[in-house]
2 protein chains.
Amino acid sequence: MAASPSLDPTELGAYLALIEVSSLVRHAVEQQLREAADLSYVQFQLLARLGDSPSGCHRMTDLADGVVYSRSGLTYQAQLLEQRGLVTRAPSRDDERSITVTLTDDGRAVLARTFPGHIEVVRRLLFDALTRDDVEALGGVLGRVRDHMRATPPRSAAPRRRRGSGSDSP
Amino acid sequence: MAASPSLDPTELGAYLALIEVSSLVRHAVEQQLREAADLSYVQFQLLARLGDSPSGCHRMTDLADGVVYSRSGLTYQAQLLEQRGLVTRAPSRDDERSITVTLTDDGRAVLARTFPGHIEVVRRLLFDALTRDDVEALGGVLGRVRDHMRATPPRSAAPRRRRGSGSDSP
DNA sequence: GGTCGTTGGTACGAATTCGAAGCAAACGAG
DNA sequence: CTCGTTTGCTTCGAATTCGTACCAACGACC
């Protein structure tokens, strides 16, 4: 283990700014969404992801992994969305244990109705202070980080069991 | 109001990457902190902020605003930290209704013990994929955004009352 | 074709989170 | 000085969140 894997002031500053900015954005967006469509941020993210998909559907696990959420939490949210008629849940044909979540027309409508306001808040908060170059730099760097994080380490859902000592053998 | 304040693909990508990266970092860090010191992320942030302060103390409200947390949530967390002896709470001398939260020696010790591991995770996740220039660009841009967000709009704690119709007069 | 380990999802309980309501101290105008 | 307003914090109830335990379906292997 490294004795002092300390961060430069620059790195520390970047990290703190990242957390602070994302918290503030989240907070603001959350209020806007709640007020405009009575959706939590996760719910909106789920709808957005489904709307983005060509098929308009996804497996539960992929959704949970995508929005970085616990599986049980996703079950809860999916139930809520289903009760409101914004999504449908049905077992997959390929894999009997998979549940396929599909965006309904109502869901798509809500998404379409909510998106502009959401975007507006984000633009005002995030991009009004930035130049074109800033935005490109930001996107580039964060994209690289995302790829890095999604590649190597444990995914959103940690491996099911956690054996005491070192070697978990296949 | 703008008819379509839509975001470029570039902007949208940057926004999504920001949310995704921050979520992943938060998630990873949270697990590490829980495991290493049985601290939630907020708790750690609070300790860190107090440790950063020259006086080692802050008002409740300033802490809540700093970490972007509800006031009631902060009360809860502060109680928890106080029970564990990591902070002290005492009414302020200047202002009888303010509570001053102060880091104890134990708290400082826990912070010192926990910091390296925390930093290590952040470095591995966030900075191992980045060049020096990347880090500087990231910090610069995000710093600018933070200043922008902290400046203009509603702070973490929304104004107390929200009158029905238009004119709230001073 | 049976068995073991893995994966996808759900129920349950415990802990957290937030907003609204409430209370007391401080401030400002008259 | 006194009243109305604002600010700082806590309590309360309701909703969310997560981890863990659990069940069912899949897959590999013998």
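To find a chain, count down the sequence lines: A is the first, B the second, and so on, and within it residues start at 1.
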Q: Just how far, in rounded Å, is P of D:dA25 from CZ of A:Arg93?
A: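 It is 16 Å, rounded to the nearest whole Å.
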Q: Can you measure A:Glu96 atom CD to C:dT10 atom P for me and round it to whole angstrom units?
A: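 For the pair A:Glu96 CD and C:dT10 P, the rounded distance is 13 Å.
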Q: Side-chain N or O of A:Gln77 versus OP1/OP2 of D:dT17: is the shortest distance under 4.0 Å?
A: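 Yes, A:Gln77 has a side-chain N/O under 4.0 Å of OP1/OP2 on D:dT17.
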Q: When rounded to the nearest 0.5 angstrom, what is the spacing between CD in A:Glu136 and CG in B:Asp8?
A: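 Going from the CD atom of A:Glu136 to the CG atom of B:Asp8 covers 9.0 Å.
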Q: When you look at A:Asp62 and A:Arg59, which way does the salt bridge (Lys or Arg N to Asp or Glu O under 4.0 Å) test go after all the steps?
A: CA-CA 5 Å; A:Asp62 295 334; A:Arg59 296 189 316 157; 3.1 Å; yes
Q: In this structure, how many angstroms lie between the C1' atom of D:dC12 and the OH atom of B:Tyr76, rounded?
A: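 Between C1' of D:dC12 and OH of B:Tyr76: 14 Å.
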Q: B:Asp95 CG to D:dT6 P: how many Å, rounded?
A: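 The distance from CG of B:Asp95 to P of D:dT6 comes to 17 Å, rounded to the nearest Å.
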Q: I would like to know whether A:His148 and B:Phe127 meet ring pair (Phe, Tyr, Trp, His ring centres under 6.0 Å); could you show each step before the answer?
A: CA-CA 10 Å; A:His148 171 65; B:Phe127 296 119; over 10 Å; no
Q: Would you mind classifying the nucleic acid contact of A:Thr61 as base, sugar-phosphate or nothing, using non-hydrogen atoms under 4.0 angstrom?
A: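 It contacts sugar-phosphate atoms only.
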Q: Between B:Ile99 and A:Arg34, which residue's closest nucleotide on DNA chain D lies nearer the 5′ terminus?
A: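 Final value for this comparison: B:Ile99.
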Q: Check every strand shown and say whether B:Ser72 touches a base, only sugar-phosphate, or nothing at a heavy-atom separation below 4.0 Å.
A: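 If one applies the 4.0 Å heavy-atom cut-off, B:Ser72 turns out to touch a base.
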Q: Which residue, B:Leu74 or A:Gln79, contacts DNA chain C at a nucleotide closer to its 5' end, judged by nearest heavy atom?
A: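 Its nucleotide being nearer the 5' end, the pick is A:Gln79.
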Q: Could you check whether A:His27 and A:Tyr41 have their ring centres less than 6.0 Å apart?
A: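 They do not qualify: ring centres at least 6.0 Å apart.
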Q: Give me the residues of residues 38-55 of chain A where at least one heavy atom lies under 4.0 Å from an atom of DNA chain D, by number, or none.
A: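 Hits under 4.0 Å, by residue number: A:Val42.
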Q: Between C1' on D:dT10 and CG on B:Leu80, what's the gap in Å once rounded to a whole number?
A: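 After rounding, the reported distance stands at 15 Å.
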Q: To the nearest angstrom, how far is A:Glu82 atom CD from C:dT10 atom C1'?
A: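 It is 13 Å, rounded to the nearest whole Å.
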Q: Examine D:dG8: is either OP1 or OP2 under 4.0 Å from a nitrogen or oxygen in the side chain of B:Arg59? Give yes or no.
A: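 Result: yes.
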Q: Between B:Arg97 and B:Ser92, do the side chains contain an N or O donor and an N or O acceptor separated by less than 3.5 Å?
A: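 Short answer, no.
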Q: Measure from the side-chain heavy atoms of A:Met60 and tell me the nearest of C:dC18, C:dG8, C:dT10.
A: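 Of all the options, the side chain of A:Met60 is nearest to C:dT10.
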Q: Rounded to the Å, how far apart are A:Arg89 CZ and C:dG8 P?
A: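 Taking CZ of A:Arg89 and P of C:dG8, I get 16 Å after rounding.
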Q: Closest-nucleotide mapping onto DNA chain D: is B:Thr75 or A:Arg97 further toward the 5' terminus? I mean the 5' end.
A: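 So the residue in question is B:Thr75.
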Q: With respect to the phosphate group of C:dT17, does any side-chain polar atom (N or O) of B:Tyr69 fall under 4.0 Å of OP1 or OP2?
A: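 Checking C:dT17 against B:Tyr69, a side-chain N or O does come within under 4.0 Å of OP1 or OP2.
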Q: With no hydrogens and no angle check, do the side chains of A:Arg132 and B:Thr10 hold a donor and an acceptor under 3.5 Å apart?
A: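 Yes, a side-chain donor-acceptor pair sits under 3.5 Å.
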Q: Starting from P on C:dC18, measure out to CG on B:Asp65 and report it in whole angstrom.
A: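 Between P of C:dC18 and CG of B:Asp65: 13 Å.
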Q: Mind running salt bridge (Lys or Arg N to Asp or Glu O under 4.0 Å) on B:Glu30 and B:Arg34 for me, showing each step along the way?
A: CA-CA 6 Å; B:Glu30 204 136 289; B:Arg34 177 87 53 197; 5.3 Å; no
Q: OP1 or OP2 of D:dT20 less than 4.0 angstrom from a side-chain nitrogen or oxygen of A:Arg71, does that happen here?
A: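 So the side chain of A:Arg71 is outside the cut-off, no N or O lying under 4.0 Å from OP1 or OP2 of D:dT20.
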Q: Using every non-hydrogen atom in the two residues, find where B:Val145 and A:Leu125 come nearest and quote the distance to one decimal.
A: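 Taking B:Val145 first and A:Leu125 second, the nearest heavy atoms are CG1-O, 4.0 Å.
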